[in-house]
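FYI, side chains are in, hydrogens and waters are out, and symmetry mates aren't considered; it's all heavy atoms of this structure. By convention in this document, chain letters (A, B, ...) are assigned in the order of the sequence lines, proteins followed by strands, and residues within each chain are numbered from 1.
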Amino acid sequence: MSHSLDRIGTDRPPRVRIAPSPTGPLHIGTARTALYNYLYARHMGGAFVLRLEDTDQARGSIAYEKDILDGLHWLGLRWDEGPEVAGEAARGPHAPYRQMERLPNYAAAAERLLAADMAYPCYCTPDELESDRTAQEAAKLPPRYVGRCATLTPAERAAREAEGRRGALRFRVGTGVVAFDDIVRGRVEIDVANLGGDFVIVRGDGSPLYNFTVVVDDADMEISHVIRGEDHISNTPKQLLIFRALGYPEPRYAHLPLILNPDRTKMSKRKSQTALSDYIAQGFIREALVNYLALLGWATGTEEEVLSIDEIAERFDLEAVHKGGAIFDRDRLEWLNGQWIRRLEPGDLIDRLRPFVEAEHVARRIDWIPSDDELRAFLPVMRERLPTLGAIGDLAGFLWVEAVPVDPAVLVPRRWDADTTRDGLAAARSTIAAVGEVTFEADELEPPLRALAEARGWKAGDLFMAIRVAITGRTATPPLFDTMVALGRDRVLERLDRAMAVLGGGHRR
RNA sequence: GCCCCCAUCGUCUAGAGGCCUAGGACGCCACCCUUUCAAGGUGGAGAUCAGGGGUUCGAAUCCCCUUGGGGGCACCA
């Protein structure tokens, strides 16, 4: 029994799948698993299937389903076969791709198992099960189903049914060792005795459970390679047993290392940001996320670091995937995000910035929304200063507000006092005012202002800093002259006046 | 408790017996560039390859043990 049946033809193009459960928003780990499946399919010229595992009706929701589908879409992971979405019909020869619509398949498979006595009805109550478990725990034994209903006679079953009890269906685990050759881990062997006894495959209410549906569906959909998280290793023998009981060929398995919290535990919502939608909302772009995720647990073997999804698919090799878990390193993600932002075409960057600019407006952090032309003009100095798209407000928000708050304490440069600052700003104002409205360019602003500083014996940096704070309200900004151009002559002069007013009276002369 | 898995700089990793006095990247530090902030460039600190035994002329790479870490043990997926 420890020998596998025929494998699905290894000579044919592989069929892989991602099978998310809509019980939460798309998790970054699920996203990576989906990506690896996608990459493997693309690399091998196989098919990437999407299946929704929605049998947990208590926890699942349509909102989560949408979040997951949108997220996968956003990442650019197009599935070759999958359920209907947003009015679009289901795609692929194995429809439906939603488990709640495949119930008859599970019922038929369950019937076969029951008829062959490879599964049996179990009438144990939750209370009985619970007390079994506590007793085992007290005796320091591993939790396991005691088999109370394993040998019920037809008469005994009938008696229970007559009492109105609805039996769950348990799969007979038997004895022996189940082994499989994992593509990333090599040979894995697990003694059936450690599976926790006969396990439930169909609930008392007739709904099927994960370890059962996954096998029925993977077999129906002719999935050849199951690429999933390492947390599924202990489920594999159970599933293999069902594949065999049903007479289905076994897929090959590849168990991916987990993505970890900084403390090396499995990445969780409690300790890390796990929802892909949160990363999207913060302004990470798909190119960076895909690039980062692909390189978390796998490497090209070369020193290439910044790669597009196509370049990655070209190089992808499941056998080179790591065995050890990897901590999610946000700093590295941000670096890659910056790399990719700088690689975007200007028009593309503007389109992607749009929602973030609008969000700033909605949050009333800016007074109006800049036009594409305004954004485009300032793009060259913005792009290398944006770690994420969401940083746009911090970086350039001062451009799109009526007035900027100026703190006199930061307005006065370190080496200057209030009087010098007032003088400097006044002098700068007339110098700037002298520059023509039409030809208000960075090239024309810098020389006269430098000359002014020199004539007055000021360090150019001090003068520039005072102007910077006066017109932006902050000490760290894009280059000053580009900033003045973006603001426009009138607004620069107006802000200088306002800043001088902030400094108050104390007329000197 | 039981079963399974894993183990190279702080982090992601290269490395598949001699090319390794262990390479790259992020982060960190310094310098350069520079009006601030970034970006970019150069350089630096940072790993007795978890520890101990073997095998071998030779081990980060193969084997064993120990230690450490993780995952799983549901009528969740």
*Describe the nucleic acid contact of A:Glu319 in one word from base, sugar-phosphate, nothing, applying a heavy-atom distance below 4.0 Å.*
nothing

*asked:* Distance criterion of 3.5 Å, no angle test: do you see the side chain of A:Arg59 paired donor-to-acceptor with the base of B:rC76?
replied: yes

*Taking all heavy atoms of A:Gly24 and all of A:Ile68, pick out the closest pair and write down the distance.*
O-CD1, 3.6 Å

*Nucleotide of B:rU36, B:rG24, B:rA77 approaching A:Ala476 most closely (side-chain heavy atoms)*: B:rU36

*A:Glu305, nearest nucleotide to its side chain (from B:rG72, B:rA77, B:rG24)*: B:rG24

*Using atom C1' of each nucleotide, how far apart are B:rG52 and B:rC5 to the nearest Å?*
22 Å

_For a quick check of understanding: with a heavy-atom distance under 4.0 Å over all strands, which category does A:Phe481 fall into, base, sugar-phosphate or nothing?_
base

*Determine the contact category for A:Ile233: base if any of its heavy atoms lies under 4.0 Å from a base atom, sugar-phosphate if only primed atoms, P, OP1 or OP2 are that close, otherwise nothing.*
sugar-phosphate

*So does A:Glu128 pair up with A:Arg165, basic N to acidic O under 4.0 Å?*
yes

_Sugar-phosphate, base or nothing in reach of A:Glu53, heavy atoms under 4.0 Å_ = sugar-phosphate

*Please tell me which of the listed nucleotides, B:rC12, B:rU36, B:rU35, lies nearest to the side chain of A:Ala326?*
B:rC12

*Would you tell me whether A:Asp329 and A:Tyr292 have side-chain atoms, one donor and one acceptor, within less than 3.5 Å of each other?*
no

*Can you tell me, in whole Å, how much space there is between the P of B:rA39 and that of B:rG23?*
26 Å

_Carboxylate-amine/guanidinium proximity below 4.0 Å for A:Arg148 and A:Asp132_ = yes

*asked:* Tell me whether the NZ or CZ atom of A:Arg474 lies within the 45° cone about the ring axis of A:Phe398 and under 6.0 Å from its centre.
replied: no

*Can you tell me if the side-chain N/O atoms of A:Arg187 get under 4.0 Å from OP1 or OP2 in B:rC4?*
no

*Figure out the CG/C1' separation between A:Asp482 and B:rA38, and round it to whole Å.*
13 Å

*Separation of atom CG in A:Asn235 from atom P in B:rG71, rounded to whole Å*: 15 Å

*Could you check how far CZ of A:Arg385 sits from P of B:rU34, rounded to whole Å?*
15 Å

_B:rU34 versus B:rG15 - spacing of their C1' atoms, nearest Å_ = 40 Å

*Compare side-chain N and O positions of A:His322 against OP1 and OP2 of B:rA14 and report whether any pair is under 4.0 Å apart.*
yes

*Using the side chain to side chain contact (heavy atoms under 4.5 Å, CB included) rule, pick out the option among A:Pro22, A:Pro20, A:Pro83 that qualifies with A:Glu65.*
A:Pro22

*Respond yes when some side-chain nitrogen or oxygen of A:Gln339 is under 4.0 Å from OP1 or OP2 of B:rG40, and no when none is.*
yes

*So what does A:Gly338 hit on the nucleic acid, given a heavy-atom distance under 4.0 Å: a base, only sugar-phosphate, or nothing?*
nothing

*With sugar-phosphate meaning primed atoms plus P, OP1 and OP2, does A:Asp329 contact a base, only sugar-phosphate, or nothing at under 4.0 Å between heavy atoms?*
base

_B:rG72 OP1/OP2 closer than 4.0 Å to side-chain N/O of A:Lys238_ = no

*Describe the nucleic acid contact of A:Arg342 in one word from base, sugar-phosphate, nothing, applying a heavy-atom distance below 4.0 Å.*
sugar-phosphate

*For the side chain of A:Lys266, starting at C-beta, report the closest nucleotide among B:rG71, B:rG24, B:rC5.*
B:rG71

*Using the P atoms only, state how far B:rC20 lies from B:rA60, rounded to an integer number of Å.*
13 Å

*Could you pull out the closest heavy-atom pair between A:Arg383 and A:Leu349, with the gap in Å?*
CB-CD1, 4.1 Å

*NA contact type, A:Thr300, heavy-atom cut-off 4.0 Å: base, sugar-phosphate, or nothing?*
nothing

_A:Ser234 side-chain proximity, nearest of B:rU35, B:rC5, B:rG72_ = B:rG72

_Distance check needed: B:rC6 P versus A:Ile259 CD1, whole Å only._
19 Å

*What are the residues of residues 457-474 of chain A, sorted by number, that bring a heavy atom to within less than 4.0 Å of RNA chain B?*
A:Phe464, A:Met465, A:Arg468

*Check every strand shown and say whether A:Glu334 touches a base, only sugar-phosphate, or nothing at a heavy-atom separation below 4.0 Å.*
nothing

*Nucleotide B:rC29, atom P - distance to CG of A:Asp331 in whole Å*: 12 Å

_Looking only at the side chain of A:Pro143 (C-beta and beyond, no hydrogens), which of the listed nucleotides B:rU36, B:rC76, B:rA74 gets closest?_
B:rA74

_Quick test of the criterion, 5.5 Å between centres and less than 30° between planes. Is A:His232 stacked on B:rA77 or not?_
yes

*Across the strands shown, which category fits A:Pro478 at heavy-atom distances under 4.0 angstrom: base, sugar-phosphate, nothing?*
base

*When the C1' atoms of B:rA45 and B:rU61 are considered, how many whole Å apart are they?*
27 Å

_Does A:Pro479 reach a base, just sugar-phosphate, or nothing at all? Heavy atoms under 4.0 Å._
base

Name every donor-acceptor pair, under 3.5 Å, that has one atom in a side chain of residues 459-468 of chain A and the other anywhere in the protein, sequence neighbours excluded.
residue	atom	partner	partner atom	Å
A:Asp462	OD1	A:Arg415	NH2	3.1
A:Asp462	OD2	A:Arg415	NE	3.0
A:Arg468	NE	A:Thr477	OG1	3.0

*When you measure from the side chain of A:Leu209, which nucleotide among B:rC2, B:rA25, B:rC76 comes out closest?*
B:rC76

_Rounded distance in Å between the P positions of B:rU67 and B:rG51_ = 16 Å

*Separation of B:rC76 C1' from A:Gln57 CD (nearest whole Å)*: 13 Å

*Contact class for A:Gly204 (heavy atom, under 4.0 Å): base, sugar-phosphate, or nothing?*
base

_Donor + acceptor pair across side chains of A:Asn235, A:Tyr210 (<3.5 Å)_ = no

*Can the positive tip of A:Arg332 be found less than 6.0 Å from the middle of the six-membered ring of A:Trp335, inside 45° of the ring normal?*
no

*May I ask you to evaluate whether A:Arg170 reaches the phosphate of B:rC75, defined as a side-chain N or O under 4.0 Å from OP1 or OP2?*
yes

_Heavy-atom nearest nucleotide on RNA chain B for A:Leu195 versus A:Leu296: which residue maps closer to 5'?_
A:Leu296

*Same-atom distance (P) from B:rG10 to B:rA47, integer angstrom*: 7 Å

*Could you tell me which nucleotide pairs with B:rG1 by Watson-Crick or G-U wobble geometry, both distances under 3.5 Å, or answer none if nothing does?*
B:rC73

*Pairwise P distance for B:rC6 and B:rC62, with rounding to whole Å*: 12 Å

*asked:* By nearest heavy atom, map A:Ile190 and A:Trp335 onto RNA chain B; which one lands nearer the 5' end?
replied: A:Ile190

*Whole-Å gap separating P (B:rC28) and CZ (A:Arg332)*: 14 Å

*Please work out if A:Thr265 contacts a base, only the sugar-phosphate, or nothing of the nucleic acid, heavy-atom cut-off 4.0 Å.*
sugar-phosphate

*Side chains of A:Arg32 and A:Pro257: does their closest heavy-atom pair fall under 4.5 Å?*
yes

*asked:* Whole angstroms only, please: what is the CZ-P distance between A:Arg133 and B:rG1?
replied: 20 Å

*Within the pair A:Arg144 and B:rC2, is there a side-chain N or O less than 4.0 Å away from OP1 or OP2?*
no

*Salt bridge check: are A:Arg365 and A:Glu360 linked by an N-O gap of less than 4.0 Å?*
yes

